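Throughout, a chain's letter reflects where its sequence line sits, starting with A, and its residues are numbered from 1. Remember, it's a predicted structure, so these values are computed and weren't measured experimentally.
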Amino acid sequence: MKYPEYKNPDYAKIADEILAYWQENNIFQKSITTRQGKPSFTFYEGPPSANGTPGIHHVMARTIKDIFCRYKTLKGFQVKRKGGWDTHGLPVELQVEKQLGITKEDIGRKISIEEYNQQCREAVMKFKGEWDELTRKMGYWVDLDDPYITFDTKYMETLWYLLKQLYEKGLLYKGYTIQPYSPADGTGLSSHELNQPGCYRNVKDTSIVAQFKVKGTENDYLLAWTTTPWTLPANSGIAVGENIDYVKVKTFNPYTFEPVNVILAKERMDAYFNEKARDLKVEDYILGDKLIPYEISDTFKGKALVGTEYEQLMSYVPLAKPAFTVIAADFVTTDDGTGLVHLAKTFGADDFRVLEQQGIPGVMVKDENGKEVPIVNKQGRFVSEITDFANMPVKNYDDEDENAPDYKSTDVKIAIKLKEENKAFKVEKYEHSYPHSWRTDKPVLYYPLDSWFIKTTAAKEKLVALNKTINWKPESTGTGRFGNWLENLVDWNLSRSRFWGTPLPIWRTEDGKEEKCIGSVAELQEEVAKANTAFASDTTLTEKNKAALAKEDLHRPYVDDIVLVSESGEKMMREPDLIDVWFDSGAMPYAQWHYPFENKETFEKSFPADFISEGVDQTRGWFFTLHAIAGLLFDSVAFKNVVSTGLVLDKNGNKMSKRLGNGIDPFSTINVYGPDATRWYMIANANPWDNLKFDLEGVKEVMRRFFGTLQNTYAFFALYANLDGFTYAEAAIPVAERTESDRWIISRLNSLIAQVDEAYAQYEPTRAARLIQDFTIDDMSNWYVRLNRKRFWQGEYDKDKQAAYQTLYECLVTIAKLSSAIAPFYTDRLYRDLNNITGKESFESVHLANFPEADNQAIDKELETRMELAQSASSLVHSLRKQHTIKVRQPLSKILIPVLNEDFKKRVQAVEKLILSEVNVKDIAYIDDTSGILVKKIKPNFRKLGKQYGPKLKAITAAIAGMGQDEINRLEQEQQYEIDLPGERIALTTEDVEITSEDIPGWSVAREGDITVALDIHITDELRKEGIARDLINRIQNLRKDTGLDVQDKINVRIEKSSELVDDAIRTYMDYICTETQALTLEVTDRLSDNFEILELDDMQLKIKITL
RNA sequence: GGGCUUGUAGCUCAGGUGGUUAGAGCGCUACACUGAUAAUGUAGAGGUCCGUGGUUCGAGUCCACGCAAGCCCA
């Protein structure tokens, strides 16, 4: 049995093979069953919607999910992960509308709701095949055989159960919010509809700066600006900015010329007062003059205005305190208007929010049922209570000719009235952007619409407190984005007026006085039975009820048909709304198990989740709904750890979109570069929560640099291990008995295990990937293998060789395990290629193995430091050789290393041999102080001195810089040295400075950190000959390779006599050359006649002939 | 308009608790090395650490105000 050797590894192909292996051997299932009885680690899958094709960002998000599930499995946890599909909601509906070429209005007319929903049900799984394929090909392990599906009746039944729980706790109520509403269409508009092109249009409207009289003053007025004068009768508050500067200005009303004191933001004065009137005196004003003088009589911050009461502007509907009070709001600016904002609670979302917070009521009237309604009806007309304008449309909804000479809009009529009453300070046309219905082109109003809410605000404190126990990655998303959101929580608006979704399970009598919330299918059946008994005489009704129930489907339209009976015997109809689809996904911890109807125990064991991960855009989506439902109903968090991932952008940092065509197809990427490199690149390149600029060049680089190096190292190992028959059959050689470099790489390996384990445990996969990558490339390949190459291909199969194999084997297997969570395919191949030969472990796959444990005994920090020293020393010698253009093949006699203390010397000595062989030098000479040739450099220890002396540091630095060699020596000998500062003397110790060797006069030196190296570049004849011998070996090796000889082929070499120097070199190093080149004979002949090759050696030419 | 994030070499990114020569990889240039060879080493070029103020003996790092990009929400 041999370790498989690969010529040109195709990583995509490897992945396919491994995938097949997993499938045949049920590796995923085994990764769960083999952990039976172990502590469980719960992961919740945020359900994707399969109505679109998956993109490259899904690979990113799912890689993160997969990594931690795999990691925890290796750590011995049982990690069940149920897949799921999000199936309801607007995107599906819009897609179907588009597909059928219909609009929302056509549903229930041109197409029945039943048929429409059937279309949705089919459309939503349209791309399930692609999703499953991606899941499989990218190696995302999730259980797709038994997924939860949000349109499933069982799933929906759990939603009803949860809603009923909320209802019974009094957390589900009917209220209203201010939403875009089109009176012309008689319907509300979704934000999606509002985002239709052409919806926002520039229109000229009448704007009014109204004068609100401050209570208890003679003629002090608050100036508030509005572009919707029709909302003025509904005014019940005014908002100011707390930190904005306001002024009180003495002037005259430009329409009535009455003297007034008006209050507005200082910055806005220019807009309302004529510069030319600045120097006029208020006292000198002649009534009726166009140029109106003004004078600032007071200045104050907005804060001072808060609480000011004023008189109602248009008193059609009286209102009690605290209405008509000035409040502070964060949305007030001085960009336009007056810096005071008129608030109409029923006609602005901001207005509603701040007034609600302050407990200020809105201007409402009672309708015929005694229900409170706004002063504008659903047709967009003033109600009768607004006597002067009763029944007038607030916008031009009657298609009147606006260009007619006598046309006056309602806004204008209001303006005229206010002017006459000394209540308008300025009236003008104002052009602004205003939303219009995309159907009728008529202006949209912001209007209170009925909605069902979950009273999340009731649990705000709890939700905030629970959030603090969640480990957020990154932390700022939890404390900032999510935390702030919770702090400013508003009630969750559940209502959606759509068709494809979970219906609200609430039935109401027509007068709204009695209602019932249904919490299960069984309950619905009971209630239907009751109703059918109560309304037995109405067979149409009872038959409909029966038919609807028989469908066993909780969707519309069936549930709409069901009529229930109230306590008092009234008919109850279902509230027509659907619930927000976010409730669907937020309820998945319960609904995926059909809790509490089934799987109670399973649910309890898997709640809350240990880990979830989704895009940061889910903060107010899934993350919130999970948190809210768990907090409200279960007094618990829904998840303990969460990684919110950033966006995947194109390589230029632009959002990927179908329109721009800059999207990356995940399938082709995986097919070309393989899933491992794709996954590794995404993880190693940037932290998952940072946006990723996805560049295929980066994937290529990862493939070459990391996987290429790892594969190369394996290939190297396999090549020689196969030749030597290494199968790890021998007992492991104790680490203490292995070479310095073996112990070093093992120490580094164990340090790596500990660091990688910690990185994963802290949900920092990027750190883990980078650590593994650096170790593989720098430590294992470029240093350990390079230094130890000879041990693998030279000499007998002795202990030393076994130690080398064992050491490298250990490294490779460990890297396979550490990386397996990120690159599951290649690492499984690597692991099994190695382990199948040695049989060290009995696992069928790396994913069934255990995470390596760091052996602290094997970690030797001192050794790691020493090796760093060897690396920098070697690098310095290489650099010196480079300067003098002396190739490494040419041996040199010695290097000098200055040593300023014994510790340093010991360290270098320990790695002396390594350095010498690495740089091809015969000897190291250590020079210390006593040699008297060192030039030293002194530098202040800023960290220490700074703390101690602070401001005096500049003077001290100057004094130290002035120290010569004698002074430095004295400091070192006496351990103390006094320097003069202006006015005082300071004693320095050796701790206060850093002394390094700067130079060795007459030598060529190089420095890096605290190590200095000098190189003896004199080449003796002896060295020259050895250099020639090495050159010759190199040329012969090249020749062997070029002629296609195998590594083990023995050869005979004949070389034509040339210079004495070369002949001498060959004679002297005959044995050496023969051993290295596997030559049986090597002779120098007078003349080579035919079939010879010419070797270039420095400036010489050699004729050579190689035969088998 | 608000909240959050990001800004360091041509590109992608590192740079605990402030410490005096700001690093790596890729790319570019040159040279070397060569039973790991579609690999490797060394060197060079390339930086107003987004800007402006401030704190400090000392700021890429801390503070304030901006600018730019992104996400979410109005």
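When distances are taken from the side chain of A:D690 to each of B:A14, B:A74, B:A39, the shortest belongs to B:A14. Proximity note for A:F716 (side chain, C-beta onward) versus B:G25, B:A36, B:C4: the nearest is B:A36. For A:N484, whose side chain is taken as the heavy atoms from C-beta onward, the closest listed nucleotide among B:G3, B:G25, B:G70 is B:G3. Closest to the side chain of A:R704, out of B:C13, B:U37, B:G27, is B:G27. Of the candidates B:G3, B:A39, B:A74, B:A74 carries the atom nearest the A:A349 side chain, counting heavy atoms from C-beta on.
Put simply, the side chain of A:T709 and the base of B:A36 share no donor and acceptor less than 3.5 Å apart. Side-chain to base pairing of A:R481 with B:C71: one donor and one acceptor N or O lie within less than 3.5 Å of each other.
Residue A:K693 is in sugar-phosphate contact alone, with no base atom involved, counting any heavy-atom pair closer than 4.0 Å across all strands shown.
Side chains of A:Y6 and A:D833: a donor-acceptor N/O pair is present below 3.5 angstrom, by distance only.
Atom pair A:N920:CG and B:C33:C1' shows a separation of 12 Å (rounding to whole Å applied). Put simply, CH2 on A:W622 is 18 Å from P on B:C72, counting in whole angstrom units. For the pair A:D778 CG and B:G23 C1', the computed distance is 13 Å after rounding to whole Å.
Using the Watson-Crick or G-U wobble rule with both distances under 3.5 Å, B:A45 pairs with nothing in any strand shown.
Within the structure, a side-chain polar atom (N or O) of A:N782 is placed less than 4.0 Å from OP1 or OP2 of B:G41.
Side-chain rings of A:Y720 and A:F792 stay apart, their centers remaining 6.0 Å or farther from each other. For A:Y11 and A:Y673, the ring centers are positioned 6.0 Å apart or more.
Under the 4.5 Å side-chain criterion, counting only non-hydrogen atoms from C-beta, A:W689 is not in contact with A:T477.
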